[in-house]
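Worksheet: the structure to be examined is printed underneath.
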There are 2 protein chains.
Amino acid sequence: MTRLTDTFAALADQTRLAMVERMMAEGELPAGALVQDAHISGPAVSRHLKVLRNAGLVQQRAEGTRRLYSVRPEALRAISNWTMDHRSFWQAGLDRLEAMLNEEDT
Amino acid sequence: MTRLTDTFAALADQTRLAMVERMMAEGELPAGALVQDAHISGPAVSRHLKVLRNAGLVQQRAEGTRRLYSVRPEALRAISNWTMDHRSFWQAGLDRLEAMLNEEDT
DNA sequence: CTACTATTTAACATTATTGTTAATTAATAG
DNA sequence: CTATTAATTAACAATAATGTTAAATAGTAG
């Protein structure tokens, strides 16, 4: 199991957070596509991906010479669970959350 | 506004995460009380508190010679909001979340 | 096999982070 | 004023993180 601090550490960097958000929005992406957006070198991106992978935040799949990366939902769920575990602390009342739920879905 | 990456960075350390969790559970605590639990020196704890403060995760209040620290709910809410913003990605169905809500509250 | 493309690993420099002990600041007690 | 308690800042060492360029690895094409 990945420790929560490792998950947080993986997201404690603008470049990595942006990569993760992009993957969540666009789905699986090859390393090369992620290099385009990041204003850093390929090797740097490659290592950021390694960090994300070691933290269990993304998974890798090979397709020919490409490496396709995608976010692992479990990792995000772990964060969500943690905030939920402490919901009583930061949430004044249930109203806000319920409103959010009712708003977006259906 | 604190950047989300700063919030994650603040929680990317076992010592700090433990301190935050303890403050959420027990409420406002003097720096000294946090030193007890952490197996590191006072100055080290002091700097961890500074990191948490700079990240907007905790707030400080003076009472005599003591410094009372407490977690800022907004910070936790920011994380929760982020996971919620990407809920559609990590959440298979609404079932799980709704179950959680109905379970703990009334 | 050679060349080309995609990506990672290696080697290295720079800057951040974290811990320690010693010194400083600040409030209160006598 | 001096001593005591609470906590922080200073100075320093050790380790980790991040970026760069050059080299290596691995498919695919001809």
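Just so it is clear: chains get the letters A, B, ... in the order the sequence lines come, proteins before strands, and each one is counted from 1.
- Taking the side chain of K50(A) as heavy atoms from C-beta on, and the options dT18(C), dT9(C), dG19(D), the nearest nucleotide is dT9(C).
- A donor and an acceptor atom sit less than 3.5 Å apart, one in the side chain of R47(A) and one in the base of dG19(D).
- Ring planes of F8(A) and W82(A): perpendicular class, angle over 60° (limits at 30 and 60°).
- Taking only side-chain atoms of Q60(A), from C-beta outward, the nucleotide of dT5(D), dG19(D), dT8(C) with the closest atom is dT8(C).
- Checked against E28(B) for a salt bridge (charged side-chain N to carboxylate O under 4.0 Å, His left out), the options R61(B), R66(B), R72(B), R22(B) give a single hit: R61(B).
- Listed candidates were dT7(C), dG19(C), dA7(D). Nearest to the side chain of A44(B) is dG19(C).
- One can place CZ of R61(A) at 20 Å from P of dA26(D), the figure rounded to the nearest angstrom.
- Side-chain proximity of T65(A) to the nucleotides dT8(D), dG27(D), dT18(C) is greatest for dG27(D).
- Between R66(B) and the phosphate of dT28(C), there is no side-chain N or O to OP1/OP2 separation shorter than 4.0 Å.
- For the pair R16(A) CZ and dG19(D) C1', the computed distance is 13 Å after rounding to whole Å.
- Comparing atom distances between the D13(B) side chain and each of dT18(C), dT20(C), dT7(C) picks out dT18(C) as nearest.
- Rounded to an integer number of Å, the gap from CG of L29(B) to P of dA6(D) is 15 Å.
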Self-check item: H86(A) and W90(A): CA distance, side-chain angles, deciding distance, ring pair (Phe, Tyr, Trp, His ring centres under 6.0 Å) verdict
Solution: CA-CA 7 Å; H86(A) 300 283; W90(A) 55 263; 9.8 Å; no
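- Checked against dA10(D), dG19(D), dT21(D), the side chain of P43(A) finds its nearest nucleotide in dT21(D).
- Side chain of R16(B) to backbone of A10(B): a donor-acceptor contact under 3.5 angstrom is found.
- Dashed line: the shortest gap from a side-chain N or O of H48(B) to OP1 or OP2 of dG19(C) is under 4.0 Å.
- The side chain of Y69(A) contributes no N or O atom lying less than 4.0 Å from OP1 or OP2 of dA6(C).
- Residues M23(B) and L17(B) fall within the same hydrophobic cluster, defined by Ile, Leu, Val, Met, Phe, Trp and Tyr side chains chained together at heavy-atom separations under 4.5 Å.
- Ranking dA22(C), dG19(C), dG19(D) by closeness to the I40(B) side chain, first place goes to dG19(C).
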